[in-house]
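Since the structure comes first, as structure tokens, the remarks are kept for the end.
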2 protein chains.
Amino acid sequence: MAPNTTVRKKGRAKSTAPTSAEVATIAGVSRSTVSRTFTQGASVDPVTRARIIEVAQDIGYAPNQAARSLISGRSDTVGLVMASFDNPFYHTVLSGFLDHFQRRDIRVMCHAAPDIDGVDEGVRAMLRYNVDAMIIAASGMTSSVIDDCRRSGVSTVLFNRTIPGSRVHSVQTDNLAGGRTMADFLAIGGHGRMAYIHGLEQSSTNRDRYTGFADRVAELGLPEPQQEFGEYTYQGGREAVKRLMMSGNAPDAVFCANDIMAFGVLDGLRTDLGLSVPGDVSVTGFDDVPMASWPSFGLTTIRQRRNRMIDAAVALLDTAITDPKGKDECVSIEGRLILRESARLPSPRPS
Amino acid sequence: MAPNTTVRKKGRAKSTAPTSAEVATIAGVSRSTVSRTFTQGASVDPVTRARIIEVAQDIGYAPNQAARSLISGRSDTVGLVMASFDNPFYHTVLSGFLDHFQRRDIRVMCHAAPDIDGVDEGVRAMLRYNVDAMIIAASGMTSSVIDDCRRSGVSTVLFNRTIPGSRVHSVQTDNLAGGRTMADFLAIGGHGRMAYIHGLEQSSTNRDRYTGFADRVAELGLPEPQQEFGEYTYQGGREAVKRLMMSGNAPDAVFCANDIMAFGVLDGLRTDLGLSVPGDVSVTGFDDVPMASWPSFGLTTIRQRRNRMIDAAVALLDTAITDPKGKDECVSIEGRLILRESARLPSPRPS
DNA sequence: GTGAAAGCGCTAACAT
DNA sequence: ATGTTAGCGCTTTCAC
């Protein structure tokens, strides 16, 4: 916990950076005027303002954020804690959030949690830094720190997770609907022996995708899907599909809880087992990461609408700040079935 | 630039979080003692300390970092600005740095720069936040803010870039050597018509990889490599290779400045042109991202030793903090040739 | 080992 | 529109 060698600085404030006082002296105004010049929506005489800005640039002055944060109670900083950071989908999510907040000149503190405790730790750590908002993208681990967020008065939004009754906003893809859509699509394609490869069992996204899928399969009067477990990883998918195909009752369609596992499944099927996709088996995923469109994979999948989700998350954050006592909203965004070559399409009927 | 709708909080400090004063009152000690309890290496009576910690946990107190930073001059925060954040290699780099700093209870502020100006902007923004250290992973864009970093007294390290004479530490893969290695390897494999697909031209990593490659090719007495440009992207590589193969003098080996372009090249060759790899053409990359080992690609490539690079970067940061006036070091780490199936091996000679 | 007092750099009231 | 004043929450001398 306590570091020995460390990036931490030693002594006290070297105060190497210029302060507002210096600018004030040089520009011949009071500190307040300097401060106002750098404060949104304060009124300063244009000429004075110009002079101040020039001086500031000259000596390289910029307001000290720590001091600013101390008095204003905000830090122009948001915290983003992610679990499952090896899933490329979350790289694009991170990228999207960074892009958004950079435009608004808001800093993003990142934390990649290796496990459940990691999420709590990360959230708590960021709370100490007075982040103005917290985004928790940890698809389905139960976290006890949500209350801490609310107690600290930090607007919080859950990304791809909901904790019912937690009084926290959340955004997610409609995973239930996604699962159902996939069941319909595969059924129409004439598949009768379906299989599902789970991600992490504790993950709510995984559960919902499965539930939607299995429910719809049942409604269609088809046999219950076989199940395997792939831990949301490439290697996990690759091995899971081998177990599936060796099991005596080989499926003709495999729906994976995310794209990465589906890539593993494709490689397992083609390379390890010498089977053809979709000739022998159809394979589908969930996410639509960039690679899914590469011809090597051509993965039929459910697209999570990343941009919409991010916009929604940010909107919720803004709402939460405007109206901290407001009711918690839970935005659900429908995924979109993306057709590619990894799954058999329905054969056209003779008319 | 100026946001209108905003995550920013409005009013003044709600001071919703508990302060050291409250803890002090409840625990019946002075504020100083509370402070000491949470300060590394301060001496407090064990019994008192225990009581304080209990109270703190009770009411959910943790020291306010802004206040702490204001007086101590450090923030337990580092800034990480990256260009080319769509390259998976940098996802693993980010992941590695996060892991490292989280262990040390240091926060990481991330910035993904879309272009050169973005790098400068990101660095400058983070400087205002008093980051204790800055890591700039922007493989080869010239940046004028390095001086700002030094002026602010922030230890800085360049990741995969060097700016000679800048008096800033840096770590990078030995890209020149990597290029040479690849030339040797392809030559031994019997390739005589080499091609190189450039990433971004301004990128120093790209230049070095090419220079090493071309120099060694010349030394071996082989014809100068053909050149194409792929912008470091999948799509760029895919199109570049088509131009290359249509050019009348089709190469028998294509070396790409990074793995992602190589994946594009593989798909371009196999899917778009119906060629076989490595039967018709050998393909190699640089980075060794996780996907490179997937059988769909089986990419022969030069591995950048991510972990070593990160360790070196952190060590340099620590050095810079201990000895701010020290000479700038430039650590160069040799890449490692990883053999897979995308490039022809030398045929065994009859003895 | 502990308390009292000063102050980090800034912004927000309150004056003018 | 500008100056004055107070104080955000903490750490750190300086006494004891």
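Throughout, a chain's letter reflects where its sequence line sits, starting with A, and its residues are numbered from 1.
The aromatic rings of B:His91 and A:His91 sit tilted, their planes meeting at an angle between 30° and 60°.
Backbone-only contact: B:Ser20 has heavy atoms under 4.0 Å from sugar-phosphate atoms and none from a base. Backbone-only engagement by B:Tyr61 is indicated by non-hydrogen atom pairs under 4.0 Å involving sugar-phosphate atoms exclusively. Among the heavy atoms of the strands lying under 4.0 Å from B:Thr33 are primed sugar atoms or P, OP1, OP2 only; no base atom is included.
A salt bridge does not link A:Asp105 with A:Arg103: none of the charged nitrogens is closer than 4.0 Å to a carboxylate oxygen. Between A:Arg104 and A:Asp318 there is a salt bridge, with a side-chain nitrogen of the basic residue lying less than 4.0 Å from a carboxylate oxygen of the acidic one.
Looking only at side-chain heavy atoms (C-beta outward), A:Asp120 and A:Asp148 stay at 4.5 Å or farther from each other.
Separating the CD atom of B:Gln65 from the C1' atom of D:dT11 is a distance of 12 Å, rounded to the nearest angstrom. For B:Tyr129 and C:dG9, the OH to P distance is 18 Å, given to the nearest whole Å. What separates CZ of B:Arg51 from P of C:dG1 is a distance of 15 Å, to the nearest Å. A:Arg128 has its CZ atom 12 Å from the P atom of D:dC10, to the nearest Å. Rounded to an integer number of Å, the gap from CZ of A:Arg31 to P of C:dT11 is 12 Å. Atom CD1 in A:Ile71 sits roughly 13 Å away from atom P in D:dA6 (whole-Å rounding). Going from atom CZ of A:Arg68 over to atom P of D:dG9 covers 18 Å, rounded to whole Å. Between A:Asn130 atom CG and D:dG9 atom C1' the separation is 10 Å, expressed in whole Å.
Between the side chain of A:Arg128 and the backbone N or O of B:Gln65, no donor-acceptor pair lies under 3.5 Å.
For the pair B:Asn64 and B:Arg36, both in contact range of DNA chain D, the more 5′-proximal nearest nucleotide belongs to B:Asn64.
In this structure, the separation between OG on A:Ser84 and OH on A:Tyr90 is 5.0 Å, given to the nearest 0.5 Å.
If you check distances only, the side chain of B:Arg49 never reaches the base of C:dG1 with a donor-acceptor pair under 3.5 Å. Judged by atom type and distance alone, A:Ser32 reaches the base of D:dT4 through a side-chain donor-acceptor pair under 3.5 Å.
Checking B:Thr92 against B:Ser95 by side-chain atom types alone, no donor-acceptor pair falls below 3.5 Å. A donor-acceptor pair shorter than 3.5 Å can be found between the side chains of B:Thr33 and B:Ser30.
Distances shorter than 4.0 Å separate none of the side-chain N or O atoms of B:Thr19 from OP1 or OP2 on D:dG9. The side chain of B:Thr48 places an N or O atom within less than 4.0 Å of a non-bridging phosphate oxygen (OP1 or OP2) of C:dT2.
Stem regions for DNA chain D, each three or more consecutive Watson-Crick or G-U pairs with both distances under 3.5 Å and listed by first number, read C:1-16 with D:1-16.
Set against D:dC10, D:dT2, C:dG3, the side chain of B:Val29 has C:dG3 as its closest nucleotide. If you check C:dG3, D:dT11, D:dC8 against the side chain of A:Leu70, the one that comes closest is D:dC8. Taking every side-chain heavy atom of B:Ser35 into account, D:dT11 is the closest of D:dT11, D:dG3, C:dT11.
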